[in-house]
K.L.:
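Once you've had a glance at the structure underneath, I'll fire off some questions.
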Amino acid sequence: MMSSLYRGFLIVLLLGTVSACGDDNTGGNELTAAPSAPVAVTVGLQTIDEGATVTLDGSSSYDADNDLVGYAWTQNSGPAVALVNPTSAKATFTAPSVGDTTILRFVLTVTDSGGRTGVINAEVTVIDLNAAPVVNVPAHTVAYADTVIALTGTATDPDGTVASVKWTQVSGDAATLANDTTLSASATLPDVGQNRELIFALTATDNEGKTGVAEIGITVKPVAETLAFVGVRNTALRNTAWPAFTVEIKNASGLRITGGDPASYTVVVSLKAGGPAGTLGGTLAATAVAGVASFSRVRFDQVTPTGGDVFLQANVLDPAVGPFDSPAVKITWPTKIPGKVTAPELTVNAVALVADAGNQDMIVGGSFFGAGVSFALDGDTTKAVDAAVTAAFVARYHGVDGSLEWVRVFADPSGTSAAEVKGLAVATATGKIYIAIDHTGALDLPRDGTTPLQVIPATTGTGYVTVASLAGGGAGGGSADWASTIGDATDDVPTTGTCSATTLQLDGSNSPIVLGTFSSTVDFDPAGATFADHTADGLSDAFLLKLAATDGKLGWRFVTGSAVQLGAAPVADSGVALAVPRVSGGMWIAGQLANGINGSFFLQVTSNGTLATPGVKYLGPGTFAEAICLDPTGQIFLAGGFTDQTNFDPTGAGTALIAQSPQDMFLANYTANGTLTYAVQFGDFFPMTVATLSYRDAAADSLVISGTFEGDVDFDPTIAESVATANNEGAFLLSLEPSGAFEWVNVMDPGPDAVAWPQAVATTSNRIGFVGAAAIGVAPPVTFDVDPAVTTVDVQLGAGRHFFIDKMNDQGLTVP
């Protein structure tokens, strides 16, 4: 550590050195200070109104040597001002007009006599005294694309004047502005395919250059400019639903509209005037989704059977656009359906529709008599056939154009005994046709390329039932595969009874099930190996047989009478209707006791041919059960006629219905075990009869009932009315919901000089095959309308006996 004595020595030494240096520079021993630079000083920050006089004060600047000789004021930022006395200690200027609070920056430089300088910054804040213009525009709005909208606003200046205005687009798809330097401008909105948001601004500038701004938002909605039909077929059949088609909605740029409020794009399709007279049905209005409106079940109901081009029209409702026309659609008319067959004697007992997805051919069976009888619906005689006595026939018609594909005649080769097809069914899987023929003598069943298959009973004049399997379509259609005869005693034991078929249906395995009535003693084994005879208890009993699909051998038999106790004492009973489940399970028979005078019954037979547990269900005297069917769940529907007051509850607990005519029609619904669900009636002052009852299994299930009536009948069983009229005896086809609610009725009324009655009905999910008979008592032809009252589909009938064929959709309208 340095001692205090040593530090003192160093200080003395240094002072001596300085003194010596001074003597060298001045020649003496005195010390002289160096000159100093001036110091610039200004007054602090100032705040002043625009237009006021501002003083920049640098008078407090100084120099230690007292030789300050100059001042210099300069501006380095802000709006330029004119400085007065910029080389004086105090300079002045007038504060400029500004659009907002503005800072002006200045620099003061002071100089002494030796040229040395000092510098300082000074700031002046200028306050804007001018108010901005006030701008107003409307609230947010919605407009359609590709349209011109007005852009309006107001602009005022509180302390001056508005010098100019300007509209500009801030964001969004580009629009085209017009008169954009006025308060009332316009904008042509862009073409868009989806909702778009556009923002416009109105800017006002006052006389001092100050501005005010306001913005408006506009939602632009796409607009339909063109409609394009997609999927409209070139040709369509009258009353046939077209394949689904669409209408594309496009904007002016030809782009499909893919956004916007769907409710704004409701497309209505209608029929263009000027074409064939008719009405358009189906889905005629649809809301577009992604620019496409889909239409379904559209059909053209032509009033007269003539072809012609029609055009559909499409309109968009909001905003109203259209109409736009579809391509031409050629409406064709099935040339042979509906049609008729004429002969001296005609009966049709059975019809079947081939339940395929295409033509759905119609197959008809019955009996006829006469020479040169044409079964072609247009009267073509190239396939005419003869029958010296009443012969059985089966005819197949093409499902679309109604052309006759083939006709087969089953007759006594000796020409001395009658034959008649009583039942007919088609196996969906194989296409085989199974028929039941009533006959009293020998029978030839035609086979292609070989001799007919002959049935020669042991006893002529007795009633027999022959069940046969026929080929379906093609050139060999109707050719017999096998035949089995019921009632014959081929094992040399004579038969004393007769039997007659009522109907034939197929069970779930496509085995023929035959319902009928027999009297006395009958052999039910068609193979003849054993005498499987049975003797009726009363004058007649009902029978039910199951035969093998491959060869017609007996599977089992079921008879009423001793097998089923149908009352305290044996009475004549008959099987009048059969309902076979679609897949499996027991089948139901409907029958009558003493032709209905003693009442009716229905019962279930198991799939093994025995009486099912529910037993026999009876309806009281005066009931005439005529038809029965099942729904897919096994519910039972029974229809027929009744007189007086009748309770349709087999237990007797239900409410009775009271007939309004000598014989009203009833429909009763029962559960799978025979418990009554409901019963409804139809009638007027004239008798009504029931011919057939079918359950149509479809997207919307329905019951289809056919029958005859006269006069005015309300066919709606509810409180509403649906009255139809027949001048004489007319045929009806009635569709009800399974609940019994009314759907529609089709009346076939040939007028006061003729009668018509239904003979057979078949249904699929979307078609109804109808065969009826008509008898004309006058020479001039009768125009017979076979379509509902809203249209006219005429069949011309001359004097004599006819049967007519009609094919309808699920609304009862004539279609192929």
Side-chain angles (χ1 to χ4, degrees), residues 237-240 305 332-343 346-368 372-385 387 391-410 421 423-428 431-435 446 470-479 692 694 706 733 748 758-764 766-774 784 786-787 793-797 801-809 813-816:
L237 289 164
R238 172 191 178 271
N239 274 344
T240 301
T332 61
W333 177 264
T335 56
K336 301 176 181 64
I337 294 179
K340 69 178 187 298
V341 175
T342 303
L346 273 174
T347 300
V348 175
N349 297 310
V351 63
L353 284 173
V354 179
D356 57 17
N359 299 334
Q360 296 198 40
D361 287 0
M362 291 183 68
I363 303 173
V364 178
S367 64
F368 78 105
V373 176
S374 172
F375 281 87
L377 299 181
D378 58 358
D380 182 7
T381 59
T382 58
K383 296 181 181 179
V385 292
F393 77 89
V394 174
R396 180 166 184 150
Y397 298 92
H398 191 277
V400 174
D401 62 19
S403 59
L404 177 66
E405 295 185 346
W406 50 260
V407 60
R408 297 284 183 166
V409 177
F410 312 94
V421 172
L424 181 154
V426 181
T428 303
K432 293 288 186 182
I433 303 169
Y434 297 91
I435 60 174
L470 311 179
S479 177
T692 65
S694 300
S706 71
L733 195 65
M748 287 143 277
Q759 294 190 300
V761 174
T763 62
T764 62
N766 63 347
R767 289 291 182 267
I768 300 170
F770 182 91
V771 179
F784 184 17
V786 296
D787 214 24
V793 183
D794 290 338
V795 175
Q796 296 293 323
L797 303 178
R801 182 70 178 260
H802 313 266
F803 80 74
F804 60 90
I805 293 178
D806 199 0
K807 193 174 181 184
M808 306 173 190
N809 63 10
L813 301 173
T814 295
V815 294

K.L.:
Kindly give the heavy-atom pair with the smallest separation between Val761 and Ser694, and that separation in Å.
P.N.:
O-OG, 4.2 Å

K.L.:
Holding to side chain to side chain donor-acceptor pair (under 3.5 Å), I want the full list of residues that pass it with Thr692, two or more places apart in sequence or in another chain.
P.N.:
Ser706

K.L.:
Are Leu733 and Ile768 side-chain neighbours, meaning at least one heavy-atom pair lies under 4.5 Å?
P.N.:
yes

K.L.:
Could you state the interatomic distance from CD (Gln759) to CD1 (Ile805), rounded to the nearest 0.5 Å?
P.N.:
11.0 Å

K.L.:
So, using side chain to side chain contact (heavy atoms under 4.5 Å, CB included) as the criterion, who are the partners of Ser367 when residues are at least two apart?
P.N.:
Thr347, Thr390, Glu420

K.L.:
For Ala760 and Val348, work out which heavy atoms get closest and say how close.
P.N.:
CB-CG1, 4.5 Å

K.L.:
Return the minimal non-hydrogen interatomic distance between Ala352 and Val426, and the atom names on each side.
P.N.:
CB-CG2, 3.8 Å

K.L.:
With sequence neighbours left out, write down each residue that passes side chain to side chain donor-acceptor pair (under 3.5 Å) with Ser374, or none if nothing qualifies.
P.N.:
none

K.L.:
Could you tell me the separation between the CG atom of Asp806 and the NZ atom of Lys340, rounded to the nearest 0.5 Å?
P.N.:
13.5 Å

K.L.:
Can you name the closest pair of heavy atoms from Gly472 and Arg396 and give their distance?
P.N.:
C-NH1, 3.4 Å

K.L.:
Looking at every non-hydrogen atom in both residues, tell me the closest pair between Leu346 and Val341 and how far apart they are.
P.N.:
CD1-O, 3.1 Å

K.L.:
Is the backbone of Gly399 close enough, under 3.5 Å, to the side chain of Lys807 for a donor and an acceptor to pair up by distance?
P.N.:
yes

K.L.:
Taking salt bridge (charged side-chain N to carboxylate O under 4.0 Å, His left out) as the test, write out the residues that go with Arg408, two or more places apart.
P.N.:
Asp448

K.L.:
Can you tell me how far CZ of Phe804 sits from CE of Met748, rounded to the nearest 0.5 angstrom?
P.N.:
6.0 Å

K.L.:
If you take all heavy atoms of Asn349 and Val421, which pair is closest and at what distance?
P.N.:
ND2-O, 2.9 Å

K.L.:
Hey, does Lys432 have a side-chain heavy atom less than 4.5 Å from the side chain of Leu470?
P.N.:
no

K.L.:
What distance separates Ile433 CD1 from Ile363 CD1, expressed to the nearest 0.5 Å?
P.N.:
3.5 Å

K.L.:
Among residues at least two apart in sequence or on other chains, which ones pass side chain to side chain donor-acceptor pair (under 3.5 Å) with Thr381?
P.N.:
none

K.L.:
Excluding sequence neighbours, so at least two apart, what forms ring-ring contact (aromatic ring centres under 6.0 Å, His included) with Phe375?
P.N.:
Phe368, Phe393

